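Numbers restart at 1 for each chain; the letters A, B, ... are given by sequence-line order, proteins then strands. All of these numbers come straight from a predicted model, not from anything done at the bench.
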Amino acid sequence: MARPNDEVEALLREYADLIAITGKGAFKQRAYERAARAIGGHPADVATLDSKSLREIPGVGSSIADKVEEYLRTGRVAAVEETRASIPPGVRALLDVPTLGPKKAMTLYRELGVSSVDELAAALREDRLAELKGFGPKARENIEHGLAVLRQSGGRIGLDTALGVAEETVARLGEAAGCVRCAYAGSVRRMKETIGDIDVLAAADDPEPVMAAFCALPLVAEVVLRGRKKTTVRTVDGLQMDLRVLAEDSWGAGMIYFTGSKAHNIRIREIAVRKKLKLSEYGLFDAKTGRKRAARTEEEVYRRLGLPWIPPTLREDRGEVAAAQRDALPRLVTVDDLRGDLHSHTDLTDGIAPLTEMVAAAARRGYHYYAVTDHAPELRMQRMTLDKARAQREQLRQLAGEHGRLKLLHGTELNIDPEGNVDWPAEVLAEFELCVASIHSHFELDRDAQTRRLIRACENPHVNIIGHPTTRKFGRRNGIDADLDAVFAACARTGTALEINSHPNRLDLNDEHILRAREHGVRFSIDSDAHAPTHLGHVRFGVAQAQRGWLGPDDVINTWPLTRLRRFLRKTGAR
DNA sequence: GCCGTTTTCGGCCCGACTGTTTTCAGTCG
């Protein structure tokens with residue numbers, strides 16, 4: 001299913017959590033977390049590494065390497081199994097509730113026997129937390145709010161996870177006997193930021209072997225229902241997945257129908273009705289005679305409706321059908337349009353890979369330019385200093401020219417303080433080729449304060465990009481409360497770009513914000529915010545959100561040639 | 001548990017915020 005590195009990362013993270021909950025040493029816990037991150041972000045497949053190379057991964061010593069090897073060999077690790085036996089899995093799930101950490105989770109389990117999020121909600125309702133030490137009224141209120149945030153994302157999973165499952169399933173079913181075509185549809189194909197369930201389509205004359213292959217997939221935990229045309233399963237992640245099998249000659253109509261969105265489908269069916277046609281998942285038919293007019297491909301069905309093909313990321317009934325009728329669909333930005341990445345980290349701060357590895361990974365992507373933007377000193381835990389930043393700049397200079405056309409830019413990710421000020425005085429900021437500025441704390445300030453703060457950051461002549469502008473994280477916190485339209489206007493006025501942060505847990509700005517910001521004439525930067533070489537590929541998620549926000553290449557500064565980008569970074573020609 | 005221009009022991013990312021335990025533990029980034 002997942003790549004072995006991801007499985008190992010998940011296992012080590014789980015073990016780290018269990019160590020924290022059982023109170024077996026903060027340093028041991030951190031060692032496991034560090035190793036988990038290092039392996040998750042390691043470019044080589046751990047399953048192919050020999051013992052020596054495994055131990056060369058920073059943070060992986062002999063104890064952890066042994067466990068990794070045990071896992072790769074047997075699929076389990078005795079030490080982890082033992083700890084699991086003493087702590088029910090639901091206790092670990094309590095850590096997903098914001099404001100609940102390992103200590104409080106353990107107290108809840110030990111004192112009240114709470115061993116799941118549901119039991120926590122029940123205990124809260126029955127006011128059983130009041131008797132516990134360390135759970136005063138405010139703490140209980142915070143937990144209640146935390147549960148609400150968790151519930152909002154509840155049942156939905158990240159686009160990255162869903163895409164992984166969908167792609168894996170399509171690859172496997174494509175090999176099933178008699179399967180002519182296979183593809184995923186639904187919200188995964190529309191690249192929505194979170195996914196409720198996965199829809200997979202297959203074309204086959206005989207559905208039976210495909211259905212059987214589907215039910216036999218290793219990631220299937222339970223077959224919920226099974227019929228001739230449709231089968232529903234639940235995956236090991238608790239995700240619902242539907243497979244529909246149809247005849248090859250209605251493939252296009254089926255793809256349109258199951259890609260949705262529902263609102264988009266209603267819109268195009270209205271057009272069909274006006275043309276005395278009837279559109280279903282089986283095809284586009286003459287309403288009177290029932291004769292099939294189109295069905296084989298999406299293009300053919302749209303064409304018969306008098307429309308050009310509409311990209312799935314636009315199919316949300318946000319005016320795309322009307323635009324298609326006017327032949328005014330935007331030319332959407334694609335991953336191939338990106339000439340560089342303007343927000344990334346190295347192990348000088350909280351990345352896991354050294355500068356040389358990050359740069360090499362950027363070069364492999366064929367970029368024309370690449371900005372290294374490690375954290376600035378105000379984010380204290382990263383221990384950045386001006387000396388370190390300058391040394392990094394020198395190191396970057398020495399790497400210049402080592403990767404063909406790739407131009408390296410030295411930047412930094414500044415911290416926006418509650419007043420909207422950033423690290424370092426202007427003369428120091430001027431040394432950097434670009435500055436990203438982001439909020440990392442004080443998420444609870446009121447709307448006016450947050451708005452002022454962001455606008456002030458935009459007005460700083462050295463701030464080029466506002467990083468992850470709302471700071472939301474799925475399942476962790478909602479974005480800050482700010483008058484975003486005022487912020488968008490300030491960005492347009494000052495020539496400050498807004499980031500579309502591509503990390504699948506962030507996707508910030510989101511599609512609706514992008515649409516609104518675009519109306520203000522804002523420019524965008526689609527960045528990975530990579531903390532490891534493998535993260536550079538996250539831009540596919542950011543690009544998808546940009547498409548959902550109707551952006552073309554011209555709206556996105558990191559599709560521009562370097563000379564044009566540099567002009568923008570000087571912040572003189574705000575439009 | 002990892003690691004080493006502090007090198008096989010003794011450190012380890014640091015500081016702010018918050019609520020409540022009135023002197024600090026827990027959580028977060």
Given protein heavy atoms under 4.0 Å, the one-letter contact record of nucleotides 15-23 of chain B, with B base, S sugar-phosphate only and - none, is simply S-S-SSB--
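- One interatomic measurement links the two molecules: CZ of A/Arg30 to P of B/dG29, which rounds to 16 Å at whole-angstrom precision.
- Across B/dG1, B/dC12, B/dC3, the shortest atom-to-atom separation from the side chain of A/Ser63 is found for B/dG1.
- Taking the six-membered ring for Trp and thresholds of 30 and 60 degrees, A/His531 and A/His345 have nearly parallel ring planes, at less than 30 degrees apart.
- When distances are taken from the side chain of A/Lys104 to each of B/dG26, B/dG29, B/dG1, the shortest belongs to B/dG26.
- Among the heavy atoms of the strands lying under 4.0 Å from A/Arg477 are primed sugar atoms or P, OP1, OP2 only; no base atom is included.
- Separation of the C1' atoms belonging to B/dG15 and B/dG10 is 23 Å when rounded to the nearest angstrom.
- A gap of 14 Å separates the C1' atoms of B/dT27 and B/dT20, to the nearest Å.
- Both A/Val60 and A/Leu95 lie near DNA chain B, and the one whose nearest nucleotide falls closer to the 5' end is A/Val60.
- In this structure, A/Ser62 reaches the sugar-phosphate backbone alone: every heavy-atom distance under 4.0 Å involves primed, P, OP1 or OP2 atoms, never a base.
- Proximity of A/Arg476 to the phosphate of B/dC28: a side-chain N or O atom is located under 4.0 Å from OP1 or OP2.
- When atom types are taken as modelled, the side chain of A/Asp529 and the backbone of A/Ser344 share no donor-acceptor pair closer than 3.5 angstrom.
- Rounding to whole angstrom units, CG of residue A/Asp508 and P of B/dG29 are separated by 14 Å.
- Atom CG in A/Leu100 sits roughly 13 Å away from atom P in B/dG26 (whole-Å rounding).
- Checked for salt-bridge contact, A/Glu14 and A/Arg84 meet the test: a charged N lies under 4.0 Å from a carboxylate O.
- Once the 5.5 Å centre distance and the 30° plane angle are applied, the aromatic ring of A/Phe27 is found not to be stacked with the base of B/dC2.
- At B/dC2, none of the side-chain N or O atoms of A/Arg34 fall inside 4.0 Å of OP1 or OP2 (strictly under the cut-off).
- With sequence neighbours excluded, no residue forms a side-chain hydrogen bond (donor to acceptor under 3.5 Å, both in side chains) with A/Lys192.
- By the 30° and 60° cut-offs, the orientation of the rings of A/Tyr32 relative to A/Tyr15 is perpendicular.
- Of the candidates B/dG29, B/dG1, B/dC12, the closest approach to any side-chain atom of A/Phe443 belongs to B/dG29.
- Nucleotides B/dC13 and B/dC17, compared at atom P, are 22 Å apart to the nearest Å.
- Across all strands shown, B/dA25 forms a Watson-Crick or G-U wobble pair, both distances under 3.5 Å, with B/dT18.
- Cation-pi geometry between A/Arg477 and A/Phe443 is satisfied (NZ or CZ under 6.0 Å from the ring centre, within 45° of the ring normal).
- Rounded to a whole angstrom, the distance from the P atom of B/dG29 to that of B/dT23 is 29 Å.
- Among B/dT27, B/dG1, B/dG29, the nucleotide with an atom closest to any side-chain atom of A/Ile64 is B/dG1.
- Summarising the geometry, the separation between CD on A/Glu378 and P on B/dC28 is reported as 22 Å, rounded to the nearest angstrom.
- Counting to the nearest Å, the C1' atom of B/dC2 and the CG atom of A/Asp66 are 14 Å from each other.
- Atom C1' of nucleotide B/dG1 and atom NZ of A/Lys67 are separated by 8 Å, given to the nearest angstrom.
- Residue A/Glu56 contributes atom CD, which lies 12 Å from atom P of B/dG4 at whole-angstrom precision.
- Looking only at distances, no side-chain donor or acceptor of A/Asp347 sits under 3.5 Å from a matching main-chain atom of A/Gly351.
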Review item, side-chain donor-acceptor pairs of residues 390-397 of chain A, under 3.5 Å, at least two apart:
| unit_1 | atom_1 | unit_2 | atom_2 | d |
| --- | --- | --- | --- | --- |
| A/Arg390 | NE | A/Glu431 | OE1 | 3.0 |
| A/Arg390 | NH2 | A/Glu431 | OE2 | 2.5 |
| A/Gln392 | OE1 | A/His410 | NE2 | 2.9 |
| A/Gln392 | NE2 | A/Thr346 | OG1 | 3.4 |
| A/Gln392 | NE2 | A/Asp374 | OD2 | 2.8 |
| A/Arg393 | NE | A/His410 | ND1 | 3.0 |
| A/Arg393 | NH1 | A/Glu431 | OE1 | 2.7 |
| A/Glu394 | OE1 | A/Arg397 | NH1 | 3.3 |
| A/Glu394 | OE2 | A/Gln398 | NE2 | 3.4 |

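- Across the C1' atoms, B/dG11 and B/dT6 are found 9 Å apart, a figure rounded to whole Å.
- Using bins of under 30°, 30° to 60° and over 60° for the plane-to-plane angle, the ring pair A/His538/A/Phe541 lands in the tilted bin.
- Comparing A/Tyr32 and A/Lys103, the nucleotide of DNA chain B nearest to each residue sits closer to the 5' end for A/Tyr32.
- A/His531 places its NE2 atom 13 Å from the C1' atom of B/dC13, with the value rounded to the nearest Å.
- Separating the C1' atom of B/dG19 from that of B/dC12 is a span of 28 Å, rounded to the nearest Å.
- When the P atom is compared between B/dG26 and B/dT22, the two are found 14 Å apart, to the nearest whole Å.
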